[in-house]
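Encoded as structure tokens, the structure appears first; notes follow it.
Protein chains get the first letters and strands the later ones, always in sequence-line order, with residue 1 at the start of each.
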Amino acid sequence: MNFGRIPPQFNSLSNQSIPRMRKYLFFTAWILALFWGFGAFAQGKSAKRKPPSKASSTDINQWWVGIRGGMNFSSASPQQAYSIFSYLQGSTAGDNEKSYNDFAHSGLQFGFSLGYEFLSGMSINMLPSYASYRFSYDNAFHWQDSENADKRVSTNYNFETRLQYIDLPLTIKYEFSTGKLKPYIQAGGYYSFLTDAIKKVETTGKDQASGSDEEIHVTELSVGIDDRTKKNNYGIIGGLGFTYNLGNARVGLEANYLYGLQNLDNGEMKFMDNQLISGTYDVPDDYNLNSLSISMQVIIPLKFITSKDYVPL
Amino acid sequence: MNQISQKLYKGFLYAAMVLMAISCGEVEDYTPESSFMKIYNDEKFESAYIPMDIVQAGDNGFFILSAFDAWNTYILRVDEAGEFMWDYTLEDTYVNPTQGLFYKDDAFYFFCMDDLSLATYLMKATDATKTAEVDRTYGNIIYPLHASAISDGFLLESYDRESYSTQLTKLNTDFNTVWEEKYEVEQDVEEPIISHLTRIGNRLPFFTGEAGNTYFLNGYYNYSLSLLFVDASDGKQKGVINGFRDESALSSVLYLDGNNYAMSRYDFGNNIIIPKSEINTTDIGISTELEGNDHPEMTPNAMVHSELIDVNGKSITLFATTTKAGEMLLYAYDALSGKLVGTHHLGNINPYEAVDFVDTSDGGLVILGNTFVNGRFSRITLTKLSEQEVIDFAY
């Protein structure tokens, strides 16, 4: 029996070439999207020759800049589970498997947006932002006397990971309406740079062997895991939202789902000893980060600055 | 404005290309065989495993010898990634698993003792049987204390309760007796030996080894724990480094070259590491006269294991021991100069004790230890450092 390396819960990544292939596919798709946008931009050049009188504040060839901010909820998607414990013959398997708490913790993001509308309602957008993501999982272990079930000790660990990134999403956005209220959908990819990573551990336990039925709060620990987390992340993003014209600006609300395509755990450091490994028996799984983010935004068109009649130049 | 727009869009494109270039420098994912830390656990409150020795099974993992519940015998087989393969708890008859574990012809050999007659058994375990069976019984050797492999066979140290003597037996590669020799203690030391074996008292540093045409053994001699040098051809005593009772003694000895040895010793709780010292094996000396470096961070009368390893082409003397803070600690010394190259700590929050280590065929290092899970359950732990991790601290 082999309980140390737990079979993958989702897609197995036992072959290292699979994530690498995913990465290349991702970038290929991303670059294709850019070129597609570039082609559309060329079309936009010819469209610009339309008579100025038919143009509006949301017309073609418009640049938009803005600020945005909001909150997010994340989940870690384990691809390959690991444990410091290897269970001996006759032991109960699976007790050390982590239990992930999906979308249970809120994080924040804020940043800027830069968009280029190359066709009426169709735009390409860069949404650089500073974001913090949080997710957690629980792990529990117990020991019990073979002949006296009351002689039992259990320890529960709650691990909360906080990751901070500079995100660089690039999306293609399509607006459904030309009125004041403009619902839209968008999709694209993102690339992220890690700026900080911390793991907090809360330990609780019950020690019936020492005569207590109460849960005892044991310790709290916070450990930096920058070196144990890959410096970059990438994935695909999809979302929907709306904007509302308010004077020369637009205010809006949008929801995006960021689907990570990369294992974020730094494999070179997986079992390198620290307080987490030998102290709290926590060996990180290979995992991808997914996040649902909700943002408010204010954007303004750049061309209004030079055009008195709202006609794009 | 069109030109500006085009430039800005190209900026998007360039940014994407830069990000692609950055992504190419990312680290590879984890390779289980390269480094790991494992704790072999069961959920039984009453279980207590006390590792004794480890041997690498070619390129196919490791075999661990352990005491179980004080002095019963337990064996554990793990693969090259440290994952559990099989284990076996020997019947209560077979007690006192003796330090000294050998891999020969796809089989694992070790010594243990009969709980009633005190006779020594040679046990053989294989992956095929997944058990350990008696390969040979040595009725005239009682209280086996340590065994080691030498160039043309094996050395087995034991204690003879009848003659109050420490005994050294040389076995050939087929485990047949070549010679045996006794060294008088002059008093009955059965009680501290039983305390040592059953772990109700102090653990004592019994060991044997080879130094060219001389063998050495650390054991009771002339009222004290002493290091004896004996002739390899017949076991006759050549020289001795006397300890004081069992309060001052050598805790490890490693032959380097010529007359040079790397040693460690303790003296009423204090620990001294002697990375390189010239020893005349025909003299009579005293352990407290061996000068070295004080290490107050080590546990009182610490158990020490030392080996000569090759780190990236450099000969390194590596000492493994345990600190008062409950960590496993490795000291790496340049074998030529005797100077400290680096140290490496393992273990946090819960207690960890270093027991043994082996340098693996891939340039890594596997450290066998004893840990107390949750601070209380005695379990076997195995840590593998990758070749790069070893170079980082020991080169």
Side-chain angles (χ1 to χ4, degrees), chain A residues 1-5 13 16 19 23 27 30-31 34 37-38 41 45 48 61 63 84-92 95 116 124 126 141-146 151-153 155 168 170 191 209 230-232 234 263 265-268 270-275 277-281 286 303 313, chain B residues 1-2 4-6 8-10 12-13 15-17 19-20 22-23 25-32 34-47 49 76 78-79 81-88 345-350 352 371 373-374 376-377 381-384 386 388-389:
Chain A
M1 286 187 290
N2 184 341
F3 305 131
R5 267 177 285 161
L13 290 183
Q16 290 187 15
K23 184 196 289 187
F27 279 113
W30 201 28
I31 292 302
L34 281 168
F38 195 68
F41 167 78
K45 272 177 74 176
K48 182 186 164 292
N61 292 345
W63 283 93
I84 193 170
F85 287 118
S86 188
Y87 279 84
L88 303 176
Q89 201 164 9
S91 298
T92 307
D95 200 22
Y116 178 71
I124 184 164
M126 181 72 94
F141 307 99
H142 75 266
W143 294 267
Q144 185 171 311
D145 192 280
S146 301
K151 202 171 176 181
R152 180 185 167 94
V153 174
T155 304
L168 298 176
L170 187 66
Y191 200 90
K230 285 182 180 168
K231 300 302 177 194
N232 310 105
Y234 62 90
N263 163 33
D265 182 63
N266 178 1
E268 291 180 343
K270 187 173 285 291
F271 277 95
M272 196 169 279
D273 187 31
N274 71 351
Q275 290 168 299
I277 302 282
S278 58
T280 62
Y281 311 122
D286 289 348
K303 290 182 180 176
L313 294 176
Chain B
M1 190 67 185
N2 275 336
I4 296 170
S5 299
Q6 203 163 358
L8 281 170
Y9 190 82
K10 282 179 179 173
F12 275 168
L13 199 61
M17 288 176 171
L19 293 177
M20 271 190 75
I22 291 170
S23 71
E26 284 176 0
V27 296
E28 293 296 322
D29 285 337
Y30 172 62
T31 310
S34 61
S35 68
F36 58 79
M37 187 170 203
K38 286 286 165 191
I39 296 170
Y40 302 97
N41 189 28
D42 68 20
E43 299 100 334
K44 291 177 185 168
F45 189 97
E46 67 276 19
S47 294
Y49 302 88
L76 171 64
V78 302
D79 67 14
E83 297 294 350
F84 174 83
M85 289 174 67
W86 56 268
D87 64 353
Y88 182 69
H345 293 250
L346 289 164
N348 289 275
I349 299 177
N350 300 297
Y352 287 79
T371 185
V373 176
N374 240 22
R376 66 207 295 183
F377 304 110
T381 180
L382 200 61
T383 304
K384 181 172 183 186
S386 67
Q388 188 56 51
E389 287 175 274

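Note: Gln144(A) leads Met272(A), Arg152(A), Gln144(A) in heavy-atom pairs under 4.5 Å with chain B. Ranked by non-hydrogen atom pairs under 4.5 Å with chain A, the options Thr381(B), Val373(B), Leu382(B) are led by Val373(B).
With sequence neighbours left out, the salt bridge (Lys or Arg N to Asp or Glu O under 4.0 Å) criterion links Arg376(B) to Asp207(A).
Note: Phe45(B) and Phe377(B) have perpendicular aromatic rings, judged against thresholds of 30 and 60 degrees for the angle between ring planes.
Ring centers of Tyr281(A) and Phe85(A): under 6.0 Å apart, within the cut-off.
Interface remark: Tyr49(B) contributes side-chain atoms only to the contact with chain A (heavy atom separation under 4.5 Å). Residue contact with chain A, scored on non-hydrogen atoms closer than 4.5 Å, involves the side chain of Glu389(B) exclusively. Residue Lys231(A): no heavy atom, backbone or side chain, is found under 4.5 Å from chain B. Using a 4.5 Å cut-off between heavy atoms, Val78(B) does not touch chain A at all.
With rounding to the nearest 0.5 angstrom, the NZ atom of Lys38(B) is 13.5 Å from the NZ atom of Lys384(B).
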Query raised in the report: What do the steps show when you test Tyr40(B) against Leu76(B) for side chain to side chain contact (heavy atoms under 4.5 Å, CB included), and what is the final call?
Result: CA-CA 9 Å; Tyr40(B) 302 97; Leu76(B) 171 64; 3.6 Å; yes
